[in-house]
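Structure, as structure tokens:
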Amino acid sequence: MLSKEFSVISRKLMDLYRIHNHSEMVVAVNVLIEYYGGFVDSYPPGFELNGWIVPSRWKLSDAYIELYQDSIPIRKIQPSLKSLFVWPFSCSVNAFIEKADLLANICQSESSARTFMFRPQYRHWENQWGFSLTADESVQITEWDGEIKVYIDSSFSNDHMVQHVSGKIQSGNNFLLIGHLDHPYQYSDGLCGCLVNLEIQQQLAGNMDYINLVCLSSVEIIGSVNFVDRYNLSDRNVIGGLFTAAPGISSSLSLQESYKNRSMIEKEIKHICKIQELVLKTYPFRKMWGNDEIAYESPGVNISCPVFGRFPLSQYHKDSDTFEQMQTNKINEFIDILKKALISLDRASIYYPNFIGLHALHSKDFSLYLSPVNVSGIKTNDAVNKVSSLIADSPHKKILNNIELQYIESNPAYLFNLMNIIQAAMQLDNPLYSLNLSYEAELPHSFVLSYLDSWVDLGLLRKISYWQAGTLPLQF
């Protein structure tokens, strides 16, 4: 569930001009610190890393397009400066220009919404300018046959670019939840993901034994590139990342896979959605959206980073992408899935046998036998009836929801299969990975852990956390 302050924070940040370097990005970061804690991560203008250059602080003082007829001003297009009217990082202009030149420097909308022109943020050293116009404003320009004056009063300063970090980066087992904080007057594209990440981090505080969650509300891409470099992040101390986007819109849950599908979190998200019968659309790497994930899946960094959200976003890069489009039930569903996936990864365990040869599970000393559905033509629910006792005292019980319990009860054959493959999976001195087993058995990881822990309690298996087992592959 969302915190009581979520709506208040959302509205405060929605109304800020959040571009790569602007005074209102400082305000946005301070709002996050006020509500969620964390710290400012800042970088000086002109700092260059791998060709990515930190922009100077941009300020817009005034701007308009004025239409003249016979040297007489007839009409002025001058929306509020707190809008997407002027492209970010536009240089100052005060000149009469040809209509064709103006049309080459405007984004024309087909509605009353304005389009966010993001590209100048990545080419801020170029002497460029432009406008984003509504459909009505575009018609005024295209139909005008007189003179046109363009006026932009802007300036640059040497103030630092800022982003927000929550969580202390540790020597190992860090997991990154990433969203980009920039994109002015837009909610689902960027901002909402940042807030949901921070909500999840707060809700899981004290419930994670091994994985350390770190949230980055970034300046898109350039912020992540610098963040990775400053804190020496790589697959040596980060077990994975996840970029979250548009979690509260009406579109389907969607997952953009990591490159080569290396990510543990994406496997678990897929598994959870399959069991809960939730529609999850999947896309290859960089084929859904392009965000910060590319900064992590890079040479020497090697951090797998899928994107989890909802797609498509019909208001993409428009100021019609507002807080009012957000649906609380959609966000809560998203949060529940991601929390469950993170807890599941945190509890991932490895099991080793304390016996050699096939061990009987139906003896008087053990109650681990999970009966098949059909025994010599006689149907039985013995395995399903045993589920309650298996999870009764398990610390994993509260992670199982009613949908998952109903799934287990509706698929008793999976229980029989789970029992059958456990001993076979430990041949050739192979340890048993709990996550791997849950995928093969097609059962919730929390139930598989409960069942395996029963083996441990009876002395048949010994258990160690996946994260305490030393150097291991970060995928299964």
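Position 1 is the first residue of the sequence, and the numbers go up from there. Keep in mind it's a predicted model, so treat the numbers as computed, not measured. Only this structure's heavy atoms are used, side chains among them; waters, hydrogens and symmetry mates stay out.
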Ionic contact status for [Y] with [X], cut-off 4.0 Å:
X    : Y    : result
E257 : K270 : yes
E199 : K339 : no
E5   : K12  : no
K274 : E442 : yes
E324 : R11  : yes
D15  : K82  : no

Within 6.0 angstrom of [X] [atom1], more than 12 heavy atoms from elsewhere:
X    : atom1 : result
R230 : CZ    : yes
R462 : CZ    : yes
E34  : CD    : yes
E110 : CD    : no
D457 : CG    : yes
D429 : CG    : no

Any sub-3.5 Å donor-acceptor pair from [X]'s side-chain atoms to [Y]'s backbone N or O?
X    : Y    : answer
N197 : G193 : yes
R18  : L13  : yes
D346 : I211 : yes
Q256 : V307 : no
S251 : P312 : yes
E268 : I265 : no
D41  : N226 : no
Q325 : I249 : no
N401 : E404 : yes
Q163 : S217 : no

Does a side-chain heavy-atom distance below 4.5 Å link [X] with [Y]?
X    : Y    : result
S234 : N302 : no
H396 : R347 : yes
W467 : D209 : no
L437 : I421 : yes
N173 : N212 : no
Q315 : S188 : no
W52  : F47  : no
K281 : S252 : yes

(message) Quick one, I222 with V225, criterion side chain to side chain contact (heavy atoms under 4.5 Å, CB included). Give me CA distance, side-chain angles, the key distance, then yes/no.
(response) CA-CA 5 Å; I222 186 172; V225 168; 5.5 Å; no

Gap between atom [atom2] of [Y] and atom [atom1] of [X] - 0.5 Å precision:
X    : Y    : atom1 : atom2 : answer
L253 : K330 : CG    : NZ    : 7.5 Å
I53  : L49  : CD1   : CG    : 11.0 Å
L198 : L216 : CG    : CG    : 10.0 Å
M326 : M14  : CE    : CE    : 11.0 Å
S298 : Y259 : OG    : OH    : 13.0 Å

(request) List in chain and number order the residues that pass side chain to side chain contact (heavy atoms under 4.5 Å, CB included) with T134, two or more places apart in sequence or in another chain; answer none if no residue qualifies. (result)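 Expected list: R114, D136, E137.
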
How about [X] and [Y]: are their ring centres within less than 6.0 Å of each other?
X    : Y    : result
H160 : Y43  : no
Y185 : F116 : no
W455 : Y351 : no

(request) Please name the pair of heavy atoms, one in T115 and one in C107, separated by the smallest distance, quoted to 0.1 Å. (result) CB-CB, 4.2 Å

(request) Determine the minimum heavy-atom distance between A425 and N430, stating which atoms define it. (result)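 Looking at all heavy atoms of both residues, the closest pair is O-CB, 3.7 Å.
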
(message) Set out, in order, the CA-CA distance, both residues' side-chain angles and the distance that settles side chain to side chain contact (heavy atoms under 4.5 Å, CB included) for L405 and F447, then state yes or no.
(response) CA-CA 9 Å; L405 288 172; F447 175 77; over 6 Å; no

(message) Suppose the criterion is salt bridge (charged side-chain N to carboxylate O under 4.0 Å, His left out): which pairs have a residue in residues 177-194, not counting sequence neighbours?
(response) none

Ignoring hydrogens and angles, state whether a donor on the side chain of [X] or [Y] is under 3.5 Å from an acceptor on the partner side chain.
X    : Y    : result
D292 : S218 : yes
Y187 : S10  : yes
Y296 : S224 : yes
Q201 : S166 : yes
S258 : S263 : no

Please state whether the rings of [X] and [Y] are parallel, tilted or perpendicular, taking 30° and 60° as the class boundaries.
X    : Y    : result
Y407 : Y414 : tilted
H180 : H183 : tilted
Y122 : F118 : perpendicular

(message) Pair H445, S344 - check side-chain hydrogen bond (donor to acceptor under 3.5 Å, both in side chains), show working.
(response) CA-CA 7 Å; H445 185 227; S344 190; 2.6 Å; yes

(request) Determine, step by step, whether V238 and F175 satisfy the side chain to side chain contact (heavy atoms under 4.5 Å, CB included) criterion, reporting the C-alpha distance in whole Å, the side-chain angles of both residues, the deciding distance to 0.1 Å, and the verdict. (result) CA-CA 6 Å; V238 177; F175 189 93; over 6 Å; no

(message) Run the ring-ring contact (aromatic ring centres under 6.0 Å, His included) test against Y369 and tell me which residues pass, sequence neighbours left out.
(response) none

(request) Apply side chain to side chain contact (heavy atoms under 4.5 Å, CB included) to L181 and L32, showing your working. (result) CA-CA 10 Å; L181 186 58; L32 293 181; 4.0 Å; yes

(request) Just do the salt bridge (charged side-chain N to carboxylate O under 4.0 Å, His left out) check on R310 and E333 with the steps written out, would you? (result) CA-CA 11 Å; R310 296 184 186 274; E333 179 184 63; 2.7 Å; yes

